[in-house]
There are 2 protein chains.
Amino acid sequence: MKSVKECLNNLKKKGFKLTPQRQAVIEYLEGNSSHPSAADMFREVKKKYPMISFATVYNTLKMLGEAKEIISLTIGFDKVNFDPNTEQHGHFFCQNCGKIIDIFPDKKMKIEEIEGYQINDRQIYYYGICSECLKANNLDEL
Amino acid sequence: MKSVKECLNNLKKKGFKLTPQRQAVIEYLEGNSSHPSAADMFREVKKKYPMISFATVYNTLKMLGEAKEIISLTIGFDKVNFDPNTEQHGHFFCQNCGKIIDIFPDKKMKIEEIEGYQINDRQIYYYGICSECLKANNLDEL
DNA sequence: GTACTTGCAAACAGTTTGCATAGGC
DNA sequence: GCCTATGCAAACTGTTTGCAAGTAC
């Protein structure tokens with residue numbers, strides 16, 4: 001997702017209807033690097049658009065995924081998180097505070113080939129302790 | 001998990017009790033590259049050990065994870081899958097047949113460092129169509 | 001006007017939990 | 001004998017679904 005405007009154009013081109021609910025979700029996601037879950041989105045979007053429902057959030061996320069405007073992360077073990085940045089990059093999951101942090105490689109990552117397979121996507125997940133938690137030394141139990 | 005015997009020794013050393021149920025799960029997992037889910041394990045182990053319960057399967061998997069005898073994969077979007085091979089390697093998820101396939105790199109993969117972070121683990125997930133599905137051309141809807 | 005989207009609530013799947021009983025060490 | 005593990009069922013969480021009413025185009 002490069003910008004709200006481009007995203008809306010892309011969706012319109014693909015025949016999706018642009019409801020106010022969908023636009024509210026898109027506006028919340030644009031430039032958001034916090035990797036929100038569906039519940040995070042529901043909670044936040046509801047503040048500005050109180051009549052939105054959970055089903056609509058999921059519906060919108062599914063549509064944005066199909067339109068390749070967002071990617072889904074399964075880095076957490078219980079729920080799915082979403083990232084509007086569809087450029088190839090990795091993710092770090094802090095096992096202490098639960099934050100998901102973008103990891104951009106030094107050089108442009110190219111997805112390797114695997115003989116005989118068609119690769120549509122790759123995700124690289126790192127698990128560990130983030131610098132903030134290491135500094136604060138407020139490790140819960142590790 | 002290198003072998004059932006080594007695994008049992010390791011668990012004993014760490015103070016875990018070796019119940020028949022746990023041994024049945026370990027024997028099922030040893031050398032198993034099918035990346036079973038908890039439900040798969042429950043179904044299969046039950047055949048040889050009919051009185052096992054779901055809670056015990058989850059309990060055993062949690063213990064094996066803590067003992068670093070297995071790794072958990074979140075490559076699927078709904079459930080967790082398990083791999084008794086704890087050597088660094090990637091995984092491929094076929095978006096057509098749902099199979100999870102081990103991907104071993106040509107050269108020994110080293111986990112990169114990330115300045116200021118402590119990395120405990122890394123997972124690389126590939127998504128696409130496996131060679132079997134490509135050959136069979138029995139693509140459901142893609 | 002038509003077809004798709006919404007909101008709601010109920011359903012669903014995977015996983016976790018509480019507790020009495022059983023069993024490893 | 002102690003303390004942890006088991007089995008069962010119920011609870012819980014994240015996500016999906018069915019359907020009547022609403023709305024983008």
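Naming: A, B, ... by sequence-line order, numbering from 1 per chain.
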Practice prompt. Just do the side-chain contact (heavy atoms from CB on, under 4.5 Å) check on A/Met41 and A/Val25 with the steps written out, would you?
Written response: CA-CA 7 Å; A/Met41 260 171 264; A/Val25 170; 4.2 Å; yes

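- Regarding A/Arg22, its CZ atom lies at a distance of 11 Å from the P atom of C/dC4, rounded to whole Å.
- Rounded to a whole Å, the CE atom of A/Met41 is 13 Å from the C1' atom of D/dG14.
- The interatomic distance linking A/Asp78 (CG) with D/dC12 (P) rounds to 17 Å, in whole Å.
- A side-chain donor-acceptor contact under 3.5 Å links A/Tyr126 and B/Glu112.
- Checking B/His35 against B/Asp102 by side-chain atom types alone, a donor-acceptor pair falls below 3.5 Å.
- Put simply, CG on B/Asn9 is 12 Å from P on C/dC25, counting in whole angstrom units.
- Rounded to whole Å, the distance from CG on B/Leu11 to P on D/dA5 is 11 Å.
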Every protein N/O within reach of nucleotides 19-25 of chain D N/O, cut-off under 3.5 Å:
from	atom 1	to	atom 2	distance (Å)
D/dC25	OP1	A/Leu18	N	3.3

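- Contacts of residues 46-69 of chain B with DNA chain C (heavy atom under 4.0 Å): B/Ala55, B/Tyr58.
- A side-chain contact (heavy atoms from CB on, under 4.5 Å) with B/Thr74 holds for exactly one of A/Thr74, A/Asp78, A/Val80; it is A/Thr74.
- In this entry the distance linking CD of B/Gln21 with P of D/dC8 reads 11 Å, nearest Å.
- Relative orientation of the A/Phe92 and B/Tyr117 rings is perpendicular, given thresholds of 30° and 60° on the angle between their planes.
- Closest approach of A/Pro36 to A/Leu29, counting heavy atoms only: CG-CD2, 4.0 Å.
- For B/Glu27 and B/Lys48, the salt-bridge test fails: no basic side-chain N is under 4.0 Å from an acidic carboxylate O.
- Atom pair B/Phe42:CZ and C/dT16:C1' shows a separation of 15 Å (rounding to whole Å applied).
- Going from atom CG of B/Leu8 over to atom C1' of C/dC25 covers 15 Å, rounded to whole Å.
- Rounded to the nearest 0.5 Å, atoms CD (A/Glu69) and OG1 (A/Thr60) are 13.0 Å apart.
- Using the six-membered ring where Trp is involved, A/Tyr125 and A/Tyr127 have ring planes that are perpendicular, over 60° apart on the 30 and 60° scheme.
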